[in-house]
Amino acid sequence: MTKAHLSPDGLMVLDTPGDYHFEEALVYLNRSESECLHQVEGRTVYKALHTSGGPVLMAIGLDTEEARGAVSIRFRNGVPEPGPREEAARYVREWLDLDTDIGEFLALCASDPILAPIADRNRGLRLIGVPSLLEALCWTVAGQQINLAFAYTLKKRLVETYGTRLEAEGREWRLFPGAQTLAALEPSDLQALQFTRSKSETLLRVARLIAGGELSKEALLLEGMSRAEPALTSIKGIGPWTANYVMMRCLRHPDAFPLTDVGVHHAIRRRLGRTEKPSLQEVEELSAAWSPWRAYATFYLWASLAQDV
DNA sequence: ATCCAGGCTCCTG
DNA sequence: CAGGAGCATGGA
């Protein structure tokens, strides 16, 4: 990965894998009308981000005319200093998964009866992440045992009530609330947004751990994935599904696997042409063949849910 | 209306 | 330890 630099006209072009599947990345990013932390317009994704130099608004191009075959960034509320610029570029690289060689995964898919047709149709799709640990945990806890539409509604309420905003281009852009802000709340504040009592307590627990420095992405990554899972599930309200979801989308462990995920079960059922969902034991057996790429298998299965494969 | 949704905790037996 | 109820609400 080479260092991204700013062209004289203000465009930052990021090295992008030659096989990157821009279209499906855009489809995934644009899957909910209620998404409030970024907005897709054509091949451009607008996203506000906190940096050490303050919030920035990015227009992120995915294979646009001004940067074919690449991901590019144009800053829309003033050009930040080199430091914050690099932070923004790093965020985008991680978010859009620009640095993973998925050759091995695709080879594995080729001989897998469940994944082969999905990989065929989505070849080159990368795992869109959630780089912020707080945001990833909040999103995942919010999404426990409810449909995705309602999960987006909850997230939107949380962001609109407690998040920060950035004014640019004549409108307001939302940023996820900071850990300190959430840590100062009471469970009833979140219950008012229709989080369940249990989810409210879990979110505040997580926010306080992060705000107090007892839980951090850096430490989890440093300790390694075999310790990250028990570290996460030791937090009340965070079970194996949530831990693996976060390991998959935030910690970027390529083999994380949310075994009990109903989306995964549904996708497998469809691929097998069944009417009944597979048993957990069957999911375990099938997914064993996807190791050490089970997180990518999961993401591809999710993508297939919105498609006719 | 009824069932299920990108689960987790707690309580049985 | 495995199995099941309760949670709490929105969509289809």
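- With rounding to whole Å, His265(A) atom NE2 is found 11 Å from dG7(B) atom C1'.
- Looking at the side chain of Asn147(A), the nearest of the listed nucleotides dG10(C), dA8(C), dC8(B) is dG10(C).
- Heavy-atom neighbours of Glu172(A) CD from other residues, nucleotides or ligands within 6.0 Å: above the threshold of 12.
- For the OP1/OP2 pair of dG7(B) and a distance below 4.0 Å, the side-chain nitrogens and oxygens of Lys236(A) include no atom meeting the criterion.
- Summary of the strand contacts: Gly239(A) and His266(A) both lie near DNA chain B, and taking for each the nucleotide with the nearest heavy atom, the more 5' one is attributed to His266(A).
- Atom CZ in Arg269(A) sits about 11 Å away from atom C1' in dC4(B), given to the nearest Å.
- Where Ile235(A) and Trp139(A) meet DNA chain B, the nucleotide closest to each residue was compared, and Trp139(A) sits on the side nearer the 5' end.
- Side chain of Arg197(A), nearest nucleotide from dA8(C), dG7(B), dG11(C): dA8(C).
- Contact between Gly69(A) and Asp63(A) at its shortest, heavy atoms only, is N-OD1, 2.6 Å.
- The interatomic distance linking Lys155(A) (NZ) with dT9(C) (P) rounds to 22 Å, in whole Å.
- What separates CG of Leu154(A) from C1' of dG7(B) is a distance of 14 Å, to the nearest Å.
- Nucleotides of DNA chain C nearest to Ala149(A) and Gln145(A) differ in position, and the one nearer the 5' end is that of Gln145(A).
- Across all strands shown, Thr202(A) has no heavy atoms under 4.0 Å from either base or sugar-phosphate atoms.
- Remark: C1' of dT9(C) and CZ of Phe150(A) are 5 Å apart, rounded to the nearest angstrom.
- Residue Ser198(A) places no side-chain N or O under 4.0 Å from the OP1 or OP2 atom of dT9(B).
- Atom CD in Gln281(A) sits about 11 Å away from atom P in dG3(C), given to the nearest Å.
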- Task: Determine, stepwise, if the pair Arg121(A) / Asp308(A) fulfils salt bridge (Lys or Arg N to Asp or Glu O under 4.0 Å).
- Result: CA-CA 10 Å; Arg121(A) 162 147 184 188; Asp308(A) 46 359; 2.8 Å; yes

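- Leu57(A) and Asn77(A) get closest at one heavy-atom pair: N-OD1, 2.9 Å.
- Closest approach to the Trp241(A) side chain among dG10(C), dA5(B), dC8(B) is made by dC8(B) (side chain taken as heavy atoms from C-beta onward).
- For the C1' atom pair drawn from dG10(C) and dT9(B), the interatomic distance equals 22 Å after rounding to whole Å.
- Within 4.0 Å of Ile238(A), counting heavy atoms only, lie sugar-phosphate atoms of the nucleic acid but no base atom.
- We find that CG of Leu280(A) is positioned 13 Å from C1' of dA2(C), with the value rounded to whole Å.
- Between the side chain of Arg43(A) and the backbone N or O of Leu26(A), no donor-acceptor pair lies under 3.5 Å.
- Side-chain atoms of Gln144(A) lie closest to dG7(B) of the nucleotides dG7(B), dA5(B), dT9(C).
- A distance of about 15 Å separates the P atoms of dC11(B) and dA8(C), rounded to the whole Å.
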